[in-house]
Amino acid sequence: MSKTIYTIDSRDNTMLEVMKQYFNISDLQMGKEINNMHDILVELLEKKGISYSVLKSVLIPQKKHHEIILVFDTLQIEDSEYGVACYNAVIKLLDKSESHSFLCGDYISKINTSWKNANDLLYQSLSEHINLSQIEYKSSEQLFFIYINNVSNNFIGRLKMGLQNFQGFVGIADVTLSSTLKIYISSILTNGFIQYHDIILQPSSDQDNFFNVKDNNEFGYDFESNGFKIRCIYADLFKTFLTYKIERVYFNIIDTSDQAMTINSITPVFQRLNTSKIIITSEKLEYLKQKKSDTMQRIGFSNITPEYLAKKIKENINSNYLFCMEFNDIYQIAKFNIMLEIHSYKIQLGLKYDYINNTLSLITMY
């Protein structure tokens with residue numbers, strides 16, 4: 001029997017790390033705790049009429065859909081609760097056949113330099129994605145972002161048309177591929193909600209009723225008046241397992257902890273993956289060249305060697321997070337996926353992890 005956890009957030013949500021340190025929990029026990037928590041989440045979702053499996057597209061990176069930021073100038077918005085006003089304008093444009101994760105936040109400065117330098121750097125970073133000439137730019141913090149994933153071209157068109165007359169709407173920044181802006185916003189945007197068709201799934205602040213939180217609209221957005229149903233999940237579980245993590249290079253101890261908890265969900269011990277030996281057999285590579293020839297040609301991999309591909313994986317193993325963690329009890333196999341960007345293409349790799357021998361073996365690439 002196998003079990004898959006699509007994502008674990010121990011990067012922006014430090015609960016798991018705090019638990020491990022405070023209670024001095026071993027790797028083996030931590031893995032059990034993570035899986036127990038996930039089992040509870042799946043059970044609670046079922047009680048709300050939601051299968052965990054249907055949320056996959058909004059919890060992991062997608063190759064064929066976009067990730068975008070809607071940019072708003074709060075100086076042009078009269079409503080003091082500008083976040084509510086912006087969201088309500090977007091909610092009217094949602095298609096109930098689609099699913100998305102939402103994050104949001106002000107474009108605050110966390111750069112360790114002077115205010116002017118930071119402000120200029122943030123302006124430059126955003127202006128590489130969107131035309132800012134239409135606004136009177138005073139500070140990055142006048143800008144409010146709504147991040148949406150799993151976005152189709154049709155949805156982008158619908159947003160452009162529907163928001164063009166909204167006072168304060170600046171435009172849409174595409175952050176599907178890696179960029180300075182994408183890395184930066186991964187550290188400042190906060191958890192929002194998930195749209196799954198006509199259901200809005202959001203975290204609940206109810207601390208007293210863990211297993212039966214009420215389905216209250218705690219955000220106060222116009223969900224119900226636009227035909228959506230509210231479903232709530234205990235906040236700690238939502239933040240840990242239902243938060244979409246924007247991809248970024250690992251660059252601090254928080255990211256290392258995130259990788260540790262992710263690996264710990266499918267193995268009883270953790271080792272840094274950049275210490276693992278990458279195994280790619282000639283037979284596997286030839287199979288991929290034949291079966292995935294279009295993909296291999298697009299990224300310039302038609303004539304590569306196993307050694308070269310292993311080197312590329314090694315270089316990028318800490319350049320993104322892990323997703324679709326799976327452990328098969330019968331065969332005792334631990335697997336996960338990563339996403340690589342090569343020549344502006346996203347390539348998804350499936351890897352088998354042998355923690356005893358500290359090896360990673362390529363399973364598939366597409």
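What you see is a predicted model, and the numbers here were worked out from it, not measured in a lab.
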Item to complete: Please step through ring pair (Phe, Tyr, Trp, His ring centres under 6.0 Å) for the pair Tyr87 and Phe219, ending with a clear verdict.
Response: CA-CA 10 Å; Tyr87 258 126; Phe219 289 127; 7.6 Å; no
Fill in: Donor-acceptor pair, side chain of Gln297 and main chain of Ser302, under 3.5 angstrom
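Not a single qualifying donor-acceptor pair exists.
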Worksheet item: Any sub-3.5 Å donor-acceptor pair from Gln195's side-chain atoms to Asp95's backbone N or O?
Response: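 Pair found, side chain donor or acceptor close to backbone of Asp95.
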Any side-chain heavy-atom pair from [X] and [Y] closer than 4.5 angstrom?
X      : Y      : result
Leu351 : Leu362 : yes
Met296 : Met365 : yes
Ile280 : Tyr308 : no
Asn13  : Thr243 : no
Gln142 : Asp73  : yes
Leu360 : Phe336 : yes

Worksheet entry | Cluster check Met15, Phe23: I/L/V/M/F/W/Y, side chain < 4.5 angstrom |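 They do share one cluster, since a chain of ILVMFWY contacts under 4.5 Å joins Met15 to Phe23.
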Discussion item. Please determine whether side chain to side chain contact (heavy atoms under 4.5 Å, CB included) holds for the pair Leu41 and Leu45, giving the CA-CA distance in whole Å, both sets of side-chain angles, and the decisive distance to 0.1 Å.
Written reply: CA-CA 6 Å; Leu41 169 76; Leu45 285 171; 4.0 Å; yes
Worksheet item: How close do Glu218 and Ser205 get, heavy atom to heavy atom, and via which atoms?
Response: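 Closest pair (atom of Glu218, atom of Ser205, distance): OE1-OG, 3.0 Å.
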Discussion item. Quick check: closest heavy atoms across Val213 and Lys48, and the distance to 0.1 Å?
Written reply: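 What the structure gives for the nearest pair is O-NZ, 2.9 Å.
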Pair up each side-chain donor or acceptor in residues 54-72 with any protein partner under 3.5 Å, not counting sequence neighbours, and list the distances.
unit_1 : atom_1 : unit_2 : atom_2 : d
Gln62  : NE2    : Ser57  : O      : 3.4
Gln62  : NE2    : Ile60  : O      : 3.3
Lys63  : NZ     : Tyr366 : O      : 3.0
His65  : ND1    : Asn150 : OD1    : 2.8
His66  : ND1    : Asp174 : OD2    : 2.9
His66  : NE2    : Asn153 : OD1    : 2.8
Glu67  : OE1    : Tyr147 : OH     : 2.6
Glu67  : OE1    : Lys182 : NZ     : 3.4
Glu67  : OE2    : Lys182 : NZ     : 3.3
Glu67  : OE2    : Lys346 : NZ     : 3.2

[X] with [Y]: basic N within carboxylate O range, under 4.0 Å:
X      : Y      : result
Arg298 : Asp294 : no
Lys229 : Asp215 : no
Asp329 : Lys3   : no

Worksheet item: Can a donor-acceptor pair be found between the side chains of Tyr137 and Asn119 at a distance below 3.5 Å?
Response: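 The answer is yes; a qualifying pair exists.
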Worksheet item: Side chains of Glu341 and Ser178: donor-acceptor distance under 3.5 Å anywhere?
Response: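 Absent: no donor and acceptor within the cut-off.
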Item to complete: Kindly indicate whether a cation-pi arrangement holds for Lys289 with Phe301, taking the cut-offs as under 6.0 Å to the six-membered ring centre and within 45° of the axis.
Response: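 No, Lys289 does not sit over the ring of Phe301.
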